[in-house]
Amino acid sequence: EKLRISTDRALEKGTPFDLELRFVTAKSNKKWVRIIGRTKSLDKNNKVYGIVQDISTIKAYEASLIVAKQKAEKANRSKSEFLANMSHELRTPLNAIIGFSEMMEQQLLGPIGTEKYLDYISGIRESGTHLLDLISDILDMSKIEAGKYELDLEDLNISKSVQLALHMMEGRAHEAGVKLSLDNQLAESLKIRADRRAVLQILLNILSNAVKFTEEGGEVRIHCKDRSDYIVITISDTGIGIPANKLPQVTRPFEQVSASYSRDHEGSGLGLAITKELVQMHDGNLSIESTVGVGTTVSVRLSKVL
Ligand code: ADP
């Protein structure tokens with residue numbers, strides 16, 4: 001029927017056609033054919049010229065690819081869901097390890113006899129905290145991938161969030177010998193529709209990278225722009241920079257620019273991927289500019305509540 005309509009139209013209007021048809025052969029085999037046809041413009045003989053190609057194998061291959069893709073997507077979803085659901089199970093024991101080692105470090109219930117043990121306890125606490133950070137990143141990424149990261153939106157005073165993030169990073173910047181400063185402040189009355197925790201996470205992730213990848217004596221600056229319907233928060237550092245050809249990959253999960261960096265700058269390689277996803281969940285935009293040896297500038301653009 002399809003073929004008849006197409007040939008009729010071809011004869012009437014001279015329009016060529018390209019069809020894929022399925023049929024069952026006399027021996028009950030299911031077949032796919034592709035029929036390409038056209039007429040000569042002034043064909044008096046009412047003839048359609050064309051080719052018929054058996055595409056059954058291609059079709060079968062296509063179908064198996066679709067099934068394989070669906071299977072892979074399902075497996076990936078199950079993995080993300082599994083990890084997202086593990087959140088509680090992984091964090092609870094780790095928090096116990098961290099909490100008890102802090103108590104012991106401070107010798108809250110009495111002195112620890114052997115000095116060396118105090119070192120070990122600090123080691124346990126630091127490793128525990130580091131592990132908790134990694135797990136938190138993996139869980140956040142899984143939640144985002146499983147579509148389970150839910151934003152708790154409010155009209156947020158973004159100026160306050162920026163100041164809080166700055167405040168929270170001051171200690172680390174000081175330890176690293178990096179100068180951390182805020183160029184200008186946004187108006188207190190300026191509000192964005194956003195999730196408070198996610199915005200803080202976005203700012204802290206970018207700031208901690210900026211401090212982490214800047215040498216002693218370097219500088220990290222936060223600059224805010226207030227435009228008619230959006231704001232831009234820019235965090236620039238005078239750090240090691242990211243090679244241009246590596247820029248696209250730093251916002252992809254588990255990617256770190258150089259294995260040698262990750263030795264002294266431990267991280268999950270998820271921070272920027274999570275940050276980008278979180279910004280996009282807010283209908284915002286994250287962009288990175290960088291020059292090796294000069295520094296990196298990360299800008300986050302978010303819509304204002306008007
Ligand atoms: P990580 O956990 O490794 O910090 P991120 O996703 O936060 O993971 O960053 C990915 C990689 O991008 C980092 O390992 C680093 O190589 C590079 N990077 C991110 N921010 C900066 C920066 N401000 N300066 C230089 N390199 C950076």
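Counting convention: from 1, in listed order, for ligands and their atoms alike. Hydrogens, waters and symmetry mates play no part in the numbers below; they use all other heavy atoms, side chains included. Predicted, not measured: the structure shown is a model, and the values here were computed from it.
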A.B. asks: Give me the one residue out of Lys59, Lys31, Arg34 that meets salt bridge (charged side-chain N to carboxylate O under 4.0 Å, His left out) with Glu20.
C.D. replies: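 Single salt bridge (charged side-chain N to carboxylate O under 4.0 Å, His left out) partner of Glu20 among Lys59, Lys31, Arg34: Lys59.
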
A.B. asks: Mark the output for Lys212 as yes if a heavy-atom distance to ligand 1 is under 4.0 Å, and as no if none is.
C.D. replies: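 Per 4.0 Å heavy-atom rule, Lys212 contacts ligand 1.
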
A.B. asks: Thinking salt bridges, do Asp226 and Lys304 make one under a 4.0 Å N-O criterion?
C.D. replies: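 Here Asp226 pairs with Lys304 in a salt bridge, since their nearest N and O are under 4.0 Å apart.
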
A.B. asks: Leu272 to ligand 1: N or O pair under 3.5 Å?
C.D. replies: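 Yes, at least one N or O pair falls under 3.5 Å.
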
A.B. asks: Could you walk me through whether Asn76 and Glu145 pass the side chain to side chain donor-acceptor pair (under 3.5 Å) check?
C.D. replies: CA-CA 9 Å; Asn76 190 38; Glu145 282 185 348; 4.7 Å; no

A.B. asks: I'd like to know whether CD of Glu289 has more than 12 heavy-atom contacts from other residues, nucleotides or ligands below 6.0 angstrom.
C.D. replies: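 Atom CD in Glu289 is not packed in, count stays at 12 or less.
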
A.B. asks: Report yes if Ile240 has an N/O atom closer than 3.5 Å to an N/O atom of ligand 1; otherwise report no.
C.D. replies: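 Ile240 vs ligand 1: no N/O contact under 3.5 Å.
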
A.B. asks: Using the rule that Ile, Leu, Val, Met, Phe, Trp and Tyr join whenever any side-chain heavy atoms are under 4.5 Å apart, tell me whether Ile35 and Ile58 fall into a single cluster.
C.D. replies: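 Each belongs to a different hydrophobic cluster.
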
A.B. asks: Against heavy atoms of Asp237, which atoms of ligand 1 measure under 4.0 Å?
C.D. replies: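 Numbered from 1, ligand 1 contributes 22 (C), 23 (N).
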
A.B. asks: Of all the atoms in ligand 1, which lie at a distance below 4.0 Å from a heavy atom belonging to Gly269?
C.D. replies: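 Ligand 1 atoms under the 4.0 Å threshold to Gly269: 1 (P), 2 (O), 3 (O), 6 (O), 8 (O).
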
A.B. asks: Under a heavy-atom criterion of less than 4.0 Å, does Gly239 contact ligand 1?
C.D. replies: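 Outside the 4.0 Å threshold, so no.
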
A.B. asks: Below 3.5 angstrom, do we get any N/O pair linking Ile242 and ligand 1?
C.D. replies: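 No; the residue has no nitrogen or oxygen that sits under 3.5 Å from a nitrogen or oxygen of the ligand.
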
A.B. asks: Regarding atom 7 (O) of ligand 1: of the candidates Asn209, Leu270, Asp137, which has the closest heavy atom?
C.D. replies: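 The nearest heavy atom belongs to Asn209.
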
A.B. asks: Once you round to the nearest 0.5 Å, how far does CD1 of Ile192 lie from CG of Asn157?
C.D. replies: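 Here the rounded value is 9.5 Å.
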
